[in-house]
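What you see is a predicted model, and the numbers here were worked out from it, not measured in a lab. The figures here come from the full heavy-atom set of this structure, side chains too, leaving out hydrogens, waters and symmetry mates.
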Amino acid sequence: MANIQFRPLHDRVVVRRVESENKTAGGIIIPDTAKEKPQEGEIIAVGNGALDDSGKRVPLEVKAGDRVLFGKWSGTEVKINGEDLLIMKESDIMGILG
């Protein structure tokens with residue numbers, strides 16, 4: 001886990017992308033310019049949860065350390081302590097890898 005000095009608000013999470021493979025299953029090396037950004041990442045920080053209509057806090061289902069899948073264009077790219085990270089809402093996450 002990273003030691004970051006940042007805590008997202010409400011139902012937002014901070015995600016570190018997991019690097020994709022440099023080779024295909026057949027052994028072909030993929031150059032950096034042809035790679036797509038990975039849609040898999042690790043949660044490194046979570047907010048406290050959103051407020052519902054009655055003002056009650058709804059906790060997030062994900063937690064720090066979870067590996068998740070998210071949409072290709074999800075989140076906002078930021079640089080924190082020199083590391084490229086994503087900040088996104090929990091609703092942008094498609095699922096948790098078990």
With hydrophobic residues grouped by side-chain heavy-atom distances under 4.5 Å, do [X] and [Y] end up in a single group?
X: Ile44; Y: Val78; value: yes
X: Leu85; Y: Phe6; value: yes
X: Ile96; Y: Leu69; value: no

Practice task
Find the distance between CG (Asp11) and NZ (Lys89) and round it off to the nearest 0.5 Å.
Solution key: 4.5 Å
Completion exercise
CE (Met94) and OG (Ser74) are apart, to the nearest 0.5 Å, by 6.5 Å
Between [Y] and [X], is there a side-chain heavy-atom distance shorter than 4.5 Å?
X: Val68; Y: Ile43; answer: yes
X: Arg17; Y: Glu40; answer: no
X: Arg7; Y: Arg12; answer: no
X: Leu86; Y: Phe70; answer: yes
X: Leu51; Y: Val58; answer: no
X: Thr76; Y: Met88; answer: no

Problem - Atom of His10, atom of Leu60 and distance for their closest heavy-atom approach - result: O-CD1, 4.3 Å
Handout entry: Candidate pair Val62 and Val13, rule side chain to side chain contact (heavy atoms under 4.5 Å, CB included), full reasoning
Key = CA-CA 9 Å; Val62 296; Val13 297; 3.8 Å; yes
Problem - Sequence neighbours excluded, every pair satisfying side-chain hydrogen bond (donor to acceptor under 3.5 Å, both in side chains) that has a member inside residues 54-63 - result: Asp52-Ser54, Lys63-Asp66
Exercise for the section: Please list, chain by chain and in numerical order, all residues satisfying salt bridge (Lys or Arg N to Asp or Glu O under 4.0 Å) with Asp84, sequence neighbours excluded. Expected result: Lys79
Completion exercise
Asp92 meets the salt bridge (Lys or Arg N to Asp or Glu O under 4.0 Å) criterion, sequence neighbours left out, with none
Problem - Short N-O contact, Arg67 and Glu42, less than 4.0 angstrom - result: no
